[in-house]
Structure formats: C-alpha cells, structure tokens
Amino acid sequence: MLTLTIIEGPDKGKGFQLPTDQPQLLGRSTEALPITDNTVSRRHAELTPDGDTWYLRDLQSQNGTIVNGVAIKDRIRLEPGDEIRVGATVFLFGDPVNLAKKPKVHISDDLDMETEVEERIVTQADSFIGSDATEDPDTPGAAVDHLRVIYTLTALTARIMNNRELLEAVMDLVFNEFKPERGVIMIQGVSDDEPLVPGVVRYANPPKPDEDSTIHVSRTILNMATLGEGVLTTNAMTDPRFVSGDSVQQYQIRSAICSPILFGDHVFGAIYIDSSTQNHAFVKEQLELLNAIGQHTGLALANAEEHLKRVNSERMAAIGETVASLSHSIKNILQGLRGGADVVEIGLHKNDLAIAKNGWGILRRNLDRIASLTMNMLAFGRKLQLELELTPINKVVEECALLLEKPCQEKNIALIVDADPEMPPIMIDPGLIHQALMNLLTNAIEAVPNDTGAVTVRVSFNESRPDPAKPGSMLRPAVTINVIDNGPGVEQDKLAWIFEPFNTTKGLKGTGLGLAVTKRIVYEHKGRIRLESTPGKGASFKMILPADLDAMLDPSATSNRAGHMMGDSLGIL
C-alpha cells in the first residue's frame with residue numbers, strides 16, 4: 001500500500017497509508033488527513049485513486065500545491081518519490097521500501113575541479129544558430145533540424161499550461177533529440193532564495209539494482225548555468241584539466257551539457273544531460289540547441305507565471321466587486337432587521353400586540369431576504385455538483401408556490417400554477433431547481449403591482465420530436481417551466497446583461513445574484529433559460545430542462561463546463 005510520509009513540517013515523521021478505493025483530503029478540515037500545520041488551507045488539495053494510480057489536484061488553496069518544486073494548476077498523476085508541498089508541510093508519496101531505491105540527484109562540490117570547460121555559451125535569442133555556423137558544411141541541414149526541434153517545442157509550450165507536464169514534455173523532446181543516458185531538469189524551489197531542486201529525472205535505461213542510480217551534477221557547471229551560460233564538457237575522463245578525485249572523473253561522466261532555463265534575467269532552472277558512451281560525445285551545436293530549448297522553456301514558464309498573476313489579479317478584483325456589491329444589500333437588510341426589531345420593541349413596551357405583529361412582519365421579510373441572499377452566495381461561489389433524483393417536477397413547483405402564499409396575500413396578487421397533471425418525473429437536482437424557481441417567482445412577485453398583479457407558472461412536457469430546423473434530426477424530450485408576470489417588464493437595453501452577476505433592475509432591493517445563480521443552475525442541468533419581455537407588458541422567463549439528463553451526463557464528470565457548451569448543444573427549442 002502506498003503511503004504519504006511527512007518529511008518536512010510540524011508533523012515530520014508522521015505517515016499515512018493510502019487505501020486504493022478512497023480519495024484523501026489534504027488540509028485542516030475535520031475530514032482531511034490529521035496535520036497540525038496552520039499554514040495549510042482547510043481544503044487544500046485532494047488525492048484521488050484510480051486503481052494503482054493516484055492523482056492530485058489543488059482545491060484553489062491560498063498558497064497553492066507544489067509537486068517537486070512546481071506549482072500545479074490542473075490535476076496531475078503522481079509518481080512514487082514525488083514530494084508534495086502544502087503550506088510548510090512536505091509529503092513524500094510512494095512505497096517506503098521502494099523509495100529507498102529511487103534515483104536521486106546529488107549536487108557535487110567540485111573544489112578541486114577547474115572551472116574552465118570545453119564550451120561556454122551565453123544564452124541569446126539566436127544562440128541555437130551559432131556564431132561560426134557558416135564554417136560548417138553541414139550547417140544548412142543542422143539549421144533545418146534545429147528549427148524542427150524549436151517548432152516542436154513551440155507547439156508543446158502553446159498547448160501545455162501545467163508546469164510539470166511542460167517540463168516532462170521538454171525532457172521527452174531532449175531525450176528524443178540528444179539521446180543522453182541520463183538527464184535532470186533542475187528548477188527553482190518555492191522561493192528564489194532556495195537552491196535548485198530536481199523537477200524531472202530521466203534515464204534512457206533504468207539502472208540495474210546493483211548500480212548506483214544517483215545522478216551527480218557538478219555544482220560548478222550548475223552555477224554557470226544559473227548565471228545564464230550553457231556549459232559543455234567533453235571527454236572529461238581523459239582531459240588533463242580534471243584531476244583524479246573530482247566529480248567528473250569520479251562519476252564516469254565523459255560528456256555533459258547543462259543549459260539554463262531562463263527568460264530575460266530570470267533563471268527558472270537548468271537542463272542537465274550526460275552520457276558516458278565513448279562514441280556519443282556531445283558537440284557545440286547540441287549545446288547551442290539545448291540553450292535554445294532552455295530559452296523557449298523559460299518563455300513558456302514566464303507566460304504561465306504571468307497568466308497565474310493575471311488570474312489572481314482578476315480574482316481579487318472580482319472579490320472586491322463582490323464585496324462592494326453585496327455590502328449594500330446586506331446593509332439594507334440589516335437596516336430592515338433593525339427597524340423591525342425597533343417596532344417589535346415598541347409594541348412590547350406598550351403591550352400592544354398589533355404593533356409587535358407589524359414589527360415581526362418586517363423582521364420576517366428581511367430574514368427571508370438574507371436567507372435567499374445566503375443561498376445564492378453559496379451557489380454562486382462554489383462549484384455545483386448535481387445530486388440527481390427522479391423527481392416529479394410538479395411537486396417542486398407546488399412547494400415553491402406554497403412558500404410564497406404569504407407574500408402574495410400581502411400584496412393581494414394572484415399566483416396561478418398551470419401544470420400538466422400527466423407530467424412524468426425527470427432526473428434533476430430537486431434542491432437546486434427549487435432554488436432557481438424560487439428566484440424567478442420571487443422576482444416576479446416583487447415586480448407585479450399590488451392588487452392587480454398576477455404571476456403564472458406554466459409547466460409542460462415536450463416529447464422527442466423531429467427538429468423542423470434540421471431535417472433528419474430529433475429534439476430531445478424536455479420540460480418547460482414558464483414564469484409569467486404582468487409587471488413593468490424589462491427595458492430592451494437591459495436584456496443583454498439581465499443574467500450577469502451583480503446587475504439588477506431592482507435598485508437597492510436587489511443583489512444581482514438571483515438570476516445569475518438561476519442561469520448557472522439551469523446550465524448545470526444542461527438546460528437553457530430565456531427571457532421574453534416587452535416594456536409595460538410584463539416578462540416571461542422560460543426554463544427548459546432535458547427530460548433525459550441521466551443519459552446525457554457522464555457519471556464520472558466532476559468539473560463544471562461553461563454555459564455556452566451546455567444548453568446550446570441540447571437541440572431544445
């Protein structure tokens with residue numbers, strides 16, 4: 001059984017076995033693995049098994065989840081020996097017995113080794129071409145080959161956003177093109193003050209059990225790379241400059257290349273490859289090419305870093321907008337609660353039950369408002385995961401109508417339910433559909449005038465039928481819930497953004513979350529929602545829900561999809 005062993009942090013030495021059929025949560029939550037690190041988020045990261053394979057994903061934690069020195073953005077597959085950092089805690093993933101045999105990277109102190117090497121090239125934009133390339137008769141063919149490699153790398157960096165997957169792909173490319181025996185990509189640790197750490201380690205052929213699997217990287221060579229220089233050492237075993245006992249001779253390295261991964265002045269790490277094959281010594285042109293690969297990799301990492309900064313900036317801006325928008329609504333609700341409480345207090349002081357009842361009515365209405373606001377905030381701020389049940393939709397509609405009887409009586413308006421009694425049950429999340437319908441009905445009740453207002457809920461079922469717009473195609477069976485009111489309607493210039501968050505037509509009385517949440521709930525059900533309105537003639541909100549949702553949803557799907565990818569593919573009119 002695989003284990004998680006804490007190798008750094010407050011709980012160092014503590015271990016957890018990972019059952020193959022149960023996901024595990026990393027964090028300070030009560031359902032997470034018990035750790036005492038208060039720098040970890042409550043729900044920081046999640047480990048998910050798939051047979052013998054484990055996957056890790058960050059749960060939008062504050063400080064991120066870092067694997068082998070690389071911050072992860074998407075779900076990644078874990079390999080034995082991976083180091084997972086959450087907060088100040090570092091976990092070692094894998095089987096403790098086999099981890100003892102795991103290949104390691106050791107940075108060798110080369111106090112006795114000359115710093116002069118075979119080739120040293122400062123990485124530049126055109127460094128992979130070479131300053132003396134014109135003297136080589138094979139240059140045209142080599143240049144074409146180099147351009148092919150750079151083109152392949154550019155395609156990789158454009159497609160892959162996850163840093164770890166990018167480095168794995170870069171190492172695959174390097175091994176395909178350079179044919180080294182061993183290689184390692186050294187990357188910057190959590191902070192710039194920390195030394196480089198191994199990010200990706202690779203062997204052309206796995207070491208035999210009786211062989212030393214440790215990759216020894218010369219500190220001198222690595223330091224040159226971190227200063228922006230690509231370094232090539234060739235035939236070190238016979239080079240008189242390398243005296244007996246230094247790392248190059250001790251560890252049988254005949255040929256090695258170390259190139260920086262950098263963008264501008266920022267060094268992200270280094271790519272190191274070596275080979276002890278006598279007939280496979282690296283040459284200067286390969287150093288130039290590896291320098292170019294390192295530079296393109298640095299550009300990709302810089303782009304990913306800027307993307308992350310932009311996302312965080314946009315997230316903070318969204319949080320600020322949310323707080324600013326909600327604070328006004330919460331302030332108004334609190335004022336209503338305070339006013340109602342004052343009226344109740346006056347009634348109690350005068351021993352006048354009628355006054356107290358009036359105050360209680362004010363309190364109740366504002367309690368309903370804050371309950372609705374809280375539910376919408378929760379639905380808007382979290383990922384929704386449907387809990388599907390075969391549900392009679394008429395029953396959900398009737399429950400909503402029953403809850404809204406009191407507000408309708410207070411305004412002296414009519415709430416009419418027109419539902420097909422033969423309506424079959426459909427697969428929905430009843431709680432979420434209830435919330436979406438309550439949002440629409442509450443809006444309609446607030447919009448219609450006192451005494452003459454009317455709100456109608458019409459529920460109908462459409463069986464599978466030919467699509468008149470697409471001959472030969474069929475429209476899926478669907479349920480339509482239409483909420484119609486005789487209020488003032490919606491102005492034409494407001495129709496385009498009526499479902500956008502924090503946009504409201506109700507002034508200080510609205511939060512702008514209700515319709516945004518309703519749209520999201522409907523789209524999560526792979527449905528659609530439409531608004532038809534003419535100013536002065538009321539509004540009609542139409543929710544269209546697929547009646548065969550269970551056949552459309554992939555039970556293993558865990559992530560949300562964008563709305564335009566959902567309802568628009570239903571074939572529902």
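Start at 1 with the first residue, then count along the sequence.
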So [Y] and [X], do their side chains get closer than 4.5 Å, heavy atoms only?
X	Y	result
C408	I445	yes
L56	F93	no
D172	R202	yes
P392	N394	no
L47	L78	yes
I66	V90	no
D429	I521	no
P49	D21	no

Lys/Arg-Asp/Glu bridge criterion (N-O < 4.0 Å) met for [X], [Y]:
X	Y	result
R85	E83	no
R43	E31	yes
E446	K411	no

Do [X] and [Y] have a side chain donor and acceptor closer than 3.5 Å?
X	Y	answer
S61	D58	yes
N482	S540	yes
S460	D420	no
N412	N450	no

Whether [X] side chain and [Y] backbone form a donor-acceptor pair below 3.5 Å:
X	Y	value
T3	G94	yes
K542	E532	no
S533	G538	yes
D11	I35	no
N486	T452	yes
R28	V40	yes

Determine the minimum heavy-atom distance between [X] and [Y], stating which atoms define it.
X	Y	answer
A539	L531	CB-CD1, 4.0 Å
W54	Q22	CH2-O, 3.5 Å
V483	A444	CG1-CB, 4.1 Å
L441	C400	CD1-CB, 3.8 Å
L363	A341	CD2-N, 3.7 Å
H44	G87	CE1-N, 4.0 Å

Side chain to side chain contact (heavy atoms under 4.5 Å, CB included), that's the test. Do L25 and L59 meet it? Break it down for me.
CA-CA 10 Å; L25 181 66; L59 299 178; 3.5 Å; yes
Roughly how far, to the nearest 0.5 Å, is [atom2] of [Y] from [atom1] of [X]?
X	Y	atom1	atom2	answer
L437	L432	CG	CG	12.5 Å
E168	R77	CD	CZ	8.0 Å
M171	I185	CE	CD1	4.0 Å
E398	I393	CD	CD1	11.0 Å
T391	I433	OG1	CD1	9.0 Å
L2	L18	CG	CG	6.5 Å

### Task
Apply the test side chain to side chain contact (heavy atoms under 4.5 Å, CB included) to residues N462 and T480: give CA-CA distance (whole Å), side-chain angles for both, the deciding distance (0.1 Å), then the verdict.
CA-CA 8 Å; N462 296 317; T480 300; 3.7 Å; yes
Please report the C-alpha distance between L403 and H434 in whole Å, then the side-chain angles of each, then the deciding distance to 0.1 Å, and finally whether the side chain to side chain contact (heavy atoms under 4.5 Å, CB included) criterion is met. CA-CA 11 Å; L403 289 173; H434 181 280; 3.7 Å; yes
Review point. With under 30° as parallel and over 60° as perpendicular, where do the rings of F541 and F499 fit, or are they tilted in between?
Key: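 The rings of F541 and F499 stand perpendicular, inter-plane angle above 60°.
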Can you tell me if CZ on R458 sees more than 12 non-hydrogen neighbours from other groups inside 6.0 Å?
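No, not enclosed.
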What do the steps show when you test I187 against L301 for side chain to side chain contact (heavy atoms under 4.5 Å, CB included), and what is the final call?
CA-CA 11 Å; I187 57 176; L301 293 176; 5.9 Å; no
